[in-house]
J.: 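Quick one: the structure is below, and I'll ask about it shortly.
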Amino acid sequence: MESGQPPEFLWIKNKNKYTRLLNGREVTLWQEGEEIKSKRLSHNYLKEFLRLDDNLREIYEVIGSDMKMKKAIKEFEGLRITRNDPWETTASFICSINSNIPRIKKNVQCLLGKDGNIPLELYSQDLSYVKLGFRERYIRETSRLITGGFFEGIEKLGYYEAREKLIKLPGVGPKVADCILLFSLGKLEAFPVDVWIARAMKRYFKIEGDKKVRAFARKEWHPYEGYAQQYLYMKVRRDFGKVR
DNA sequence: TTCCAGGTCCTAG
DNA sequence: CTAGGACATGGA
């Protein structure tokens, strides 16, 4: 809920509980010890949202192939990839372009409709008050292109093919595409490379350049590159910058 | 005041 | 394919 994934932008934290309006109903989620608690959320929703079917033991075995990753796993044990609505994920990560977490959160909250969701028809709305800057055009134009089962079609494709199609959307480049694939379309092999991941790969593995970085990730952590990315993201932000 | 932020797009070499 | 700059806005 606080790891730079879509829930960080979409849910509001209030004393260790997380809340949002979802399809017009206020829902709440929190954790007590090992237990996950919720209000007005079905078990089925939680299972999908938190990807409770992912076998973390098996995933840790694959991505914990060296000392650095073992440490990251130990520090953030239990951290999960979440599964989110594709359009909300897409809009959120277009907002993230060359921005920062606090501002992304503000922008995303501004986009929420009366029912608490991000409307599909953003293209027909006045968005000037959201202060998206140059991102407004991307959001508006992309919202026009994703109507009519766009994401359902993409989800059926393999990772590379799906990625190519997503990158055609305005404001969606390699990084945002990988975020969409990982956080909403269930492609665990997606490996979003942002400034922090680039930094992590250089500091921890002496690897530089997008091409080499991606090749290394696949070689080491396939088919769970996305999980490796999430643990690396948290680890490098703690080690070299943001976050307590 | 200046710099930077979970990048993308466009133009050159 | 790699390199460099523009791009809106706001918080530090």
Side-chain angles (χ1 to χ4, degrees), chain A residues 1-11 72 76 79-84 86-111 118 122 126-146 160 163-185 187-188 190-204 207-217 225-244:
Chain A
M1 302 304 285
E2 301 177 57
S3 58
Q5 298 185 51
E8 172 135 21
F9 314 130
L10 292 160
W11 296 65
F76 299 99
L79 171 63
R80 291 178 168 279
I81 297 295
T82 56
R83 181 157 186 138
N84 303 272
W87 171 233
E88 292 193 329
T89 304
T90 302
S92 294
F93 282 101
I94 290 178
C95 288
S96 80
I97 299 173
N98 196 227
S99 189
N100 53 71
I101 302 271
R103 188 182 168 199
I104 299 167
K105 193 180 294 192
K106 274 186 193 169
N107 287 158
V108 170
Q109 287 295 316
C110 257
L111 288 177
I118 298 181
L122 282 183
D126 171 35
L127 299 179
S128 55
Y129 70 98
V130 185
K131 300 296 181 189
L132 288 168
F134 62 87
R135 306 164 195 81
E136 181 179 334
R137 185 171 60 87
Y138 296 152
I139 295 253
R140 174 173 277 107
E141 291 179 7
T142 289
S143 77
R144 200 190 307 275
L145 296 173
I146 52 86
Y160 292 105
R163 191 167 187 264
E164 289 311 305
K165 302 226 172 194
L166 286 173
I167 287 176
K168 289 197 172 78
L169 297 170
V172 178
K175 191 274 179 180
V176 171
D178 275 327
C179 286
I180 298 169
L181 290 162
L182 179 60
F183 299 128
S184 72
L185 301 182
K187 309 292 185 190
L188 295 184
F191 189 76
V193 180
D194 67 353
V195 289
W196 290 103
I197 293 300
R199 212 165 287 167
M201 296 297 275
K202 185 175 178 183
R203 305 298 291 261
Y204 300 147
I207 307 272
E208 277 188 89
D210 190 68
K211 201 98 172 139
K212 289 182 181 174
V213 163
R214 295 176 56 76
F216 181 85
E225 292 95 315
Y227 264 96
Q229 180 271 165
Q230 199 57 42
Y231 283 80
L232 275 175
Y233 177 78
M234 297 301 284
K235 177 70 174 153
V236 72
R237 278 170 68 91
R238 176 173 288 178
D239 287 354
F240 298 108
K242 304 285 188 182
V243 190
R244 39 187 184 274

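Below, chains carry the letters A, B, ... as their sequence lines are ordered, and counting in each starts from 1.
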J.: Is A:Val193 close to A:Pro174 at the side-chain level, that is, under 4.5 Å between some pair of heavy atoms?
T.: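 The answer is no; the side chains never approach within 4.5 Å.
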J.: A:Gln5 pairs by side chain to side chain donor-acceptor pair (under 3.5 Å) with which of A:Asn84, A:Thr89, A:Thr82?
T.: A:Thr82
J.: Can you list everything that forms a side chain to side chain contact (heavy atoms under 4.5 Å, CB included) with A:Lys202? Sequence neighbours excluded, please.
T.: A:Glu208
J.: By the 4.0 Å heavy-atom rule, please label A:Glu8 as base, sugar-phosphate, or nothing.
T.: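 Nothing, no heavy atom under 4.0 Å.
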J.: Polar pairs (N or O, both sides) under 3.5 Å between protein and nucleotides 10-12 of chain C?
T.:
| from | atom 1 | to | atom 2 | distance (Å) |
| --- | --- | --- | --- | --- |
| C:dG11 | OP1 | A:Lys106 | NZ | 2.8 |

J.: Side chain to side chain contact (heavy atoms under 4.5 Å, CB included) with A:Phe240: which residues, sequence neighbours excluded?
T.: A:Arg203, A:Tyr204, A:Val236
J.: Taking only residues at least two apart or on different chains, which pairs with a member in residues 172-181 of chain A satisfy salt bridge (charged side-chain N to carboxylate O under 4.0 Å, His left out)?
T.: A:Arg163-A:Asp178, A:Asp178-A:Arg214
J.: In chain order, what residues pass the side-chain hydrogen bond (donor to acceptor under 3.5 Å, both in side chains) check against A:Gln229, with sequence neighbours excluded?
T.: none
J.: Quick one: does A:Pro6's side chain get under 4.5 Å of A:Trp11's, heavy atoms only?
T.: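 Of all side-chain heavy-atom pairs linking A:Trp11 with A:Pro6, none is under 4.5 Å.
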J.: Please report, rounded to the nearest Å, how far the C1' atom of C:dA3 is from the CD atom of A:Glu208.
T.: 15 Å
J.: Round to the nearest Å and state the distance from A:Arg137 atom CZ to C:dC7 atom P.
T.: 12 Å
J.: With a strict under 4.0 Å distance from non-hydrogen atoms of chain A, what nucleotide opens and what nucleotide closes the contacted stretch of DNA chain B, reading 5' to 3'?
T.: B:dA5 to B:dC9
J.: Given that A:Tyr138 and A:Ile104 both sit by DNA chain B, which one's nearest nucleotide is further toward the 5' end?
T.: A:Ile104
J.: Which pairs with one or both residues in residues 130-141 of chain A pass side chain to side chain donor-acceptor pair (under 3.5 Å), sequence neighbours excluded?
T.: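 Residue pairs passing side chain to side chain donor-acceptor pair (under 3.5 Å), neighbours aside: A:Glu136-A:Arg140.
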J.: Determine the contact category for A:Ser92: base if any of its heavy atoms lies under 4.0 Å from a base atom, sugar-phosphate if only primed atoms, P, OP1 or OP2 are that close, otherwise nothing.
T.: nothing
J.: C:dT2 and B:dG6: how far apart are their C1' atoms, nearest whole angstrom?
T.: 22 Å
J.: Identify the heavy atoms of A:Cys110 and A:Tyr129 that sit nearest to each other, and give their distance.
T.: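 Nearest pair, atom of A:Cys110 first, then A:Tyr129: O-OH, 3.2 Å.
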J.: A:Glu164: which residues meet the salt bridge (Lys or Arg N to Asp or Glu O under 4.0 Å) condition with it, sequence neighbours left out?
T.: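 So A:Glu164 forms no salt bridge (Lys or Arg N to Asp or Glu O under 4.0 Å) with any residue.
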J.: Restricting to side-chain hydrogen bond (donor to acceptor under 3.5 Å, both in side chains), what partner residues turn up for A:Glu88, sequence neighbours left out?
T.: A:Arg20
J.: Just to be sure I understand the geometry, which residues of residues 166-180 of chain A put a non-hydrogen atom under 4.0 Å away from DNA chain B?
T.: A:Leu169, A:Pro170, A:Gly171, A:Val172, A:Gly173, A:Pro174, A:Lys175, A:Val176
J.: Are A:Ile101 and A:Arg237 side-chain neighbours, meaning at least one heavy-atom pair lies under 4.5 Å?
T.: yes
J.: Using the P atom in both, what is the distance from C:dA8 to B:dT11, to the nearest Å?
T.: 15 Å
J.: Which side chain to side chain donor-acceptor pair (under 3.5 Å) pairs, counting each pair once, include a residue from residues 93-103 of chain A, with sequence neighbours left out?
T.: none
J.: Near DNA chain C, which residues from residues 190-204 of chain A have a heavy atom under 4.0 Å away?
T.: none
